Protein chains: 2
Amino acid sequence: MSLDPEIPPSPFRSSQERQKERILKRQAVLQAAVRMFNERGFHATSLDEVAASLGVTKPVIYHYLGNKDQVLFECVRLGLSQIREAAVAARAQEGTGLNRLKAFLRRYAEINMDDFGRCVIRTGDETLSPESRREFRALKGEIDREMREVIAEGVADGSLHAPDVRLTAFTLAGALNWPARWFNPEGRDDRREVAAAMVEILCEGLRCRV
Amino acid sequence: MSLDPEIPPSPFRSSQERQKERILKRQAVLQAAVRMFNERGFHATSLDEVAASLGVTKPVIYHYLGNKDQVLFECVRLGLSQIREAAVAARAQEGTGLNRLKAFLRRYAEINMDDFGRCVIRTGDETLSPESRREFRALKGEIDREMREVIAEGVADGSLHAPDVRLTAFTLAGALNWPARWFNPEGRDDRREVAAAMVEILCEGLRCRV
DNA sequence: CGATATCTATACCAACGAGTAAAGACTATG
DNA sequence: CATAGTCTTTACTCGTTGGTATAGATATCG
């Protein structure tokens, strides 16, 4: 693969290198899978096709990931962990609750335009096996709680107005989830710009105030 | 079924009554199908199950609707036509653009909490056959255009602030689509209240203004 | 009554795709 | 070198399900 002139490519790998390669291959499977899931939908994507897109065969996928359900679950887990990190980062910031919320929301929106984030949104709970579904819901619930927390902090410090925190969180999340459906990575829209603009719309509202 | 004492139930139906019954049965199939699609997902729902839930067998469905794709397409078509009606009704109203928009959005949200509206949102384009998909997209495009039109009118008459109409429409639609995923018809939330509250959040924004 | 159209069920087919068994190639290690 | 472990392929099973052929039932109409 790589033609790095620094390191002469020895055919003998250390066990560390082997371990690394294993993880890399696993990731490659997930990447290929998530792309196809997002494009064609989970059920319309066969593992044969995923494997073929990597130039390998189906049992390879079963070697690195247990079954189709796990492939999907790993994809959404990756997406959700990105969002979780965003929440943690935002909450660690200085400033008003409103500012922390805006930072979180911008990142949240950006992730939802990326492969794994899109997969999180496009995956309905029904799609996963009962066990994965429970885990999936739990993880999403954490994100939701995190978002409500930030909102509540903003209400507490007077920087934002939200009589119904739960409904506010749903509204914001919905608006920023939707790009997972319409955003076209090949188009000319820039993720960051779109994210920032949407957050601005949500924070400022529609009503004109002159 | 009905024990209406006014009309003695004659076993002989006129051709009009037969026609009516046919339409009723067709609708019943769609109703049963949309419920299951929303609950389990399209691919996880077999037509055998849909038929069984009505106490009939699969060929009945094929008698009233051509194939599975058409069953789904009719469901989303029904949902989209409701939204279209809402748009027409809202645009016919008096008042500022903001007011017309709010009326439209409230109804839009309500429909998205009902069976067929939910189906529209939960159905990804990939799910439909190529022809149905094109039609589906065209219909959604019309709704989108309608929404942008109302927004533009509000901007024109100065009742609302929306520098980027397209992005504003996406943001609003996304927020109000999301209940199709989380709203529980069996819960204690009231459709109308939820819809009105969400629209209020969107119009007023989050930032506190004292 | 006989012919025709509508409606529904039984029984079936074909395709597709998830998952597996088995075996071969290659690597590491005692 | 031999043995064990890892990685990958070929070739298969098997359940599910969309869709259909056929035939029987019922009703309509000439």
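As the structure is a computational prediction, the values presented were derived from the model and not from experiment. Below, read A as the first sequence line, B as the second, and so on, with proteins coming before strands; counting in each chain starts at 1. What's counted below: heavy atoms across the whole structure, side chains too, no hydrogens, waters or symmetry copies.
- With rounding to whole Å, B/Leu54 atom CG is found 16 Å from C/dC7 atom P.
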Worksheet entry | Derivation of the side chain to side chain donor-acceptor pair (under 3.5 Å) call for B/Thr168 and B/Thr171 | CA-CA 5 Å; B/Thr168 302; B/Thr171 305; 6.0 Å; no
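- For A/Tyr64 and D/dT8, the shortest distance from a side-chain N or O to OP1 or OP2 is below 4.0 Å.
- Of the side-chain N and O atoms in A/His63, none sit less than 4.0 angstrom from OP1 or OP2 of D/dT8.
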Letter by letter from the 5' end, nucleotides 16-23 of chain D scores (B base, S sugar-phosphate only, - none; protein heavy atoms under 4.0 Å) -SBBB---
query = Given the rule in the side chain to side chain contact (heavy atoms under 4.5 Å, CB included) test, do B/Arg118 and B/Asn112 qualify, once you have shown the distances and angles that lead to the verdict?
reply = CA-CA 5 Å; B/Arg118 285 176 81 188; B/Asn112 282 337; 5.9 Å; no
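- B/Glu21 has its CD atom 15 Å from the C1' atom of D/dT28, to the nearest Å.
- Counting non-hydrogen atoms of neighbouring residues, nucleotides and ligands closer than 6.0 angstrom, the CD atom of A/Glu142 exceeds 12 such neighbours.
- As rounded to whole Å, 15 Å separates atom P of C/dC7 from atom CD1 of B/Ile61.
- Using a 3.5 Å distance cut-off with no hydrogens or angles, the side chains of A/Gln31 and A/Asp115 do pair a donor with an acceptor.
- The separation between B/Arg26 atom CZ and C/dT6 atom C1' is 17 Å, rounded to whole Å.
- A 6.0 Å sphere centred on CD of A/Gln93 holds more than 12 heavy atoms belonging to other residues, nucleotides or ligands.
- For the OP1/OP2 pair of C/dC7 and a distance below 4.0 Å, the side-chain nitrogens and oxygens of B/Arg22 include at least one atom meeting the criterion.
- In this pair, A/Phe37 and A/Phe42 present their aromatic rings perpendicular. The plane angle is above 60°, beyond the 30 to 60° band.
- Distance NZ (B/Lys20) to P (C/dC7): 16 Å, rounded to an integer number of Å.
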